[in-house]
Amino acid sequence: MGKELTTREADYSQWYNDLVIKGELADYSAVRGCMVIKPYGYALWENMRDQLDKMFKETGHVNAYFPLFVPKSLFEAEEKNAEGFAKECAIVTHYRLKNDPANPGKLMVDPDAKLEEELVIRPTSEAIIWNTYKGWIQSYRDLPILVNQWANVVRWEMRTRLFLRTAEFLWQEGHTAHATKEEAIDETKKMLDVYAEFVEHYMAVPVVKGVKTPNERFAGAEDTYCIEALMQDGKALQAGTSHFLGQNFAKAFDVQYLTKENKQEYVWATSWGVSTRLIGALIMAHSDDQGLILPPRIAPLQVVIVPIYKGEESKPVIDEKVNGIIKELKSLGISVKYDNSDNARPGWKFAEYELKGVPVRIALGLRDLENNVVELARRDTKEKNTVSIDGLAQYVSNLLEEIQQNIFNRALAFRNENIREANTWDEFVSLLDTKAGFISAHWDGTPETEEKIKEMTKATIRCIPLNNKQENGSCILTGKPSKERVLFARAY
RNA sequence: CGGGAUGUAGCGUAGCCCGGUUAUCGCGCCUGGUUUGGGACCAGGAGGUCGCAAGUUCGAAUCUUGCCAUCCCGACCA
């Protein structure tokens, strides 16, 4: 019987949890709100990370590493940023434990080891980084600084969900410093494009690029750009953000540079990040009731080979043939696992690798060898075909590409079907309740109206799409004039 | 943090209301054998702080209190 999965229809949240845990991506840990990322899930993250890292470097960035701890006085320097994150910070107050005289064998916090100044465990690193940049920047010749860091951060969330919202999570955060506003804005948009390309091209998840309203802006940013994805249950998920920080952090940390004209100017800043949350997006965008569906370009395993033995004497014959196939696949850069383990029969393995979302499965037995063919099954459509062993590697390589495209096209079609226009309040509410998805509607541009809509419907403005069509209309709630539509949705 | 639910072996569970031998069953796991084209079968075996702690009792998985964790619905958020 093995692993039973909850269906999406029965309980979408439970289905998601089942996939994460039974697909062996991650598991709950002994620490509240924190998960263990298991080897299979970590391999997926590594593939995502490696590709992003490559793209960052191609756009001129370098990696560095800054401390996990941020002295409270630095953390509070940029007020809006500090205020925004204050209520979800973990704080180190002591540096030593000692034996508890009242409870033998137990430890207690040593009251004599109180820190002079508390250390905030970074929820994001602008503060420590800008404090550092102050020492790096004197002249326009020191700019731009284009640094990225791969790190863990901690945000003490009240309610956590595997990958989507954990107290500790892995991410990258780019922090750049520029001489001019224009250059910083260009950087902000450039990195948004990098994210969009990565998410669409590698993760096969279509996104809407846009800009956040002031309400939804990152704490301390002048502008927050984002990519928004749509999940199969019709809820939106913010997949990445890129912030134009203006001179806020430069002013807070007094980071100035000398221009060519020998004038002191404040530095312009950006920051941008994506996290392990992307894995949640990946799962909810593609997977089905049989398990994960992973896009070939980032799947930890692209191909699994399952032998169908008939009697002891068939093993060496099949194994030898498979070794040749593996060699050919690897020569084309395809990752492959040969599962000839004896503790599960073929049917069990088929189900297991479907659960784990391996894009292509090859099965072969003596019968196939006689005909010089294999059975080839693709995870995305569950189609099975008999394919000649001659030229198999190339066939598989093409198929992986086709699967990548198909997964993307499917998600894109779903996303496009689920962007609907609403022109009246009734229409808006009924669409939210019956169809969910993105709703494109006019809004009067005020934070008050946005807040009111959120209170009434739980829908938020996900973004104002970039290159948005300008059209006159009236706000769905207040009826006041509006020049463009914005995208609403209920979101994760 | 507010409301609701749950917690018994790796997983899923019976028992709990009404306290009483050695905690039930299935899957999985180990050993041996037969097997292998969609979640195999036979035989033998291992595995339990009944979420944690205190209390009531001659006796607690079962009753009481506190705590912890997870899930769902809110508030908050990437």
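Numbered from 1 within each chain, the chains take letters A, B, ... in sequence-line order. What you see below is based on every heavy atom in this structure, not just the backbone, and it leaves out hydrogens, waters and symmetry mates.
- Among the nucleotides B:A69, B:G37, B:U36, the one closest to the side chain of A:D342 is B:U36.
- A:R361 forms a cation-pi arrangement with A:F350, by the criterion of a distance under 6.0 Å to the ring centre and an angle within 45° of the ring axis.
- Atom CG in A:D18 sits about 12 Å away from atom C1' in B:G12, given to the nearest Å.
- Comparing the P positions of B:C67 and B:G3 gives an interatomic distance of 12 Å, to the nearest angstrom.
- Comparing the P positions of B:U21 and B:G59 gives an interatomic distance of 15 Å, to the nearest angstrom.
- Rounded to an integer number of Å, the gap from A:N343 CG to B:C27 P is 17 Å.
- Here the P atom of nucleotide B:G51 and the CZ atom of A:R32 are 19 Å apart, to the nearest Å.
- Using a 4.0 Å heavy-atom distance criterion, A:S13 is classed as a sugar-phosphate-only contact.
- Note: NZ (A:K22) to P (B:G28) measures 15 Å, nearest angstrom.
- Residue contacts shown for A:T166 include a base, since a base heavy atom lies under 4.0 Å away.
- In this structure, A:K382 reaches neither bases nor backbone, as no heavy-atom distance under 4.0 Å exists between it and the strands shown.
- The pair A:E450-A:K454 does not count as a salt bridge, with every side-chain nitrogen at least 4.0 angstrom from each carboxylate oxygen.
- Within 4.0 Å (heavy atoms only), A:D368 reaches at least one base atom of the nucleic acid.
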Please tabulate, for the side chains in residues 87-94 of chain A, all donor-acceptor contacts under 3.5 angstrom to protein atoms that are two or more places apart in sequence or on a different chain.
none

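- The shortest distance between the side-chain N/O atoms of A:R345 and the OP1/OP2 oxygens of B:A40 is below 4.0 Å.
- Atom C1' of nucleotide B:G37 and atom CG of A:L366 are separated by 11 Å, given to the nearest angstrom.
- Using a 4.0 Å heavy-atom criterion, one finds that A:S275 contacts the bases of the nucleic acid, with or without backbone contacts as well.
- Here A:F198 pairs with A:Y202 under the ring-ring contact (aromatic ring centres under 6.0 Å, His included) rule; sequence neighbours left out.
- Nucleotides B:C50 and B:U24 are separated by 13 Å at their C1' atoms, to the nearest Å.
- A distance of about 40 Å separates the P atoms of B:G74 and B:C27, rounded to the whole Å.
- If you measure from atom CD of A:E24 to atom C1' of B:G28, you get 13 Å, rounded to the nearest angstrom.
- Between A:E402 and A:R378 there is a salt bridge, since at least one side-chain N of the basic residue sits less than 4.0 Å from a carboxylate O of the acidic one.
- At whole-Å resolution of the value, CD1 in A:I305 and P in B:G37 are 18 Å apart.
- Each of A:Q238, A:E173, A:Q172 was scored for a side chain to side chain contact (heavy atoms under 4.5 Å, CB included) with A:V274, with one residue passing: A:Q172.
- The shortest distance between the side-chain N/O atoms of A:Y28 and the OP1/OP2 oxygens of B:C71 is below 4.0 Å.
- Of the C1' atoms belonging to B:G4 and B:C25, the separation is 30 Å, rounded to the nearest Å.
- Between A:R379 and A:D288 there is a salt bridge, with a side-chain nitrogen of the basic residue lying less than 4.0 Å from a carboxylate oxygen of the acidic one.
- Checked for salt-bridge contact, A:D223 and A:K212 miss the test: no charged N lies under 4.0 Å from a carboxylate O.
- Rounded to whole Å, the P atom of B:A23 lies 27 Å from the corresponding atom of B:U31.
- The pair A:K54-A:D50 fails the salt-bridge criterion, with no side-chain N (NZ, NE, NH1 or NH2) lying under 4.0 Å from an Asp/Glu carboxylate O.
- Between A:L162 and A:A239, it is A:L162 whose nearest contact on RNA chain B lies nearer the 5' terminus.
- If you take atom C1' in B:U57 and the same atom in B:G20, they sit 12 Å apart, rounded to whole Å.
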- Pairing pattern in dot-bracket form [Watson-Crick, G-U; both distances under 3.5 Å; | = partner strand] for RNA chain B: (((((((..(((.......[....))).((((((.....)))))).....(((((..]....))))))))))))....
Could you pull out the protein-nucleic contacts involving nucleotides 75-77 of chain B (nitrogen or oxygen on both sides, under 3.5 Å)?
{"unit_1": "B:C77", "atom_1": "O2'", "unit_2": "A:E157", "atom_2": "OE2", "d": "3.1"}
{"unit_1": "B:C77", "atom_1": "O2", "unit_2": "A:R165", "atom_2": "NE", "d": "2.2"}
{"unit_1": "B:C77", "atom_1": "O2", "unit_2": "A:R165", "atom_2": "NH2", "d": "2.8"}
{"unit_1": "B:C77", "atom_1": "N3", "unit_2": "A:R165", "atom_2": "NE", "d": "3.4"}
{"unit_1": "B:C77", "atom_1": "N3", "unit_2": "A:R165", "atom_2": "NH2", "d": "2.5"}

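- Looking at heavy-atom distances under 4.0 Å, A:E354 makes contact with a base.
- Residues passing the side chain to side chain donor-acceptor pair (under 3.5 Å) test with A:T460, sequence neighbours excluded: A:R462.
- Scanning atom types as modelled, one donor and one acceptor separated by under 3.5 angstrom connect the side chain of A:K384 and the base of B:G38.
- Spacing between atom CD of A:E313 and atom C1' of B:U36 amounts to 12 Å, rounded to whole angstrom units.
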Donor-acceptor contacts under 3.5 Å from residues 33-49 of chain A side chains, at least two apart:
{"unit_1": "A:Y40", "atom_1": "OH", "unit_2": "A:K356", "atom_2": "O", "d": "2.6"}
{"unit_1": "A:N47", "atom_1": "ND2", "unit_2": "A:I298", "atom_2": "O", "d": "3.0"}
{"unit_1": "A:N47", "atom_1": "ND2", "unit_2": "A:A299", "atom_2": "O", "d": "3.3"}

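- Checking B:C71, B:G39, B:U36 against every side-chain atom of A:N17, the shortest atom distance belongs to B:C71.
- Look at the P atom in both B:C58 and B:C1: the space between them is 38 Å, to the nearest Å.
- Across A:L19, A:D18, A:V20, a single residue satisfies side chain to side chain contact (heavy atoms under 4.5 Å, CB included) together with A:Y16, and that is A:V20.
- Residue contacts shown for A:F218 are absent, as no nucleic acid heavy atom lies under 4.0 Å away.
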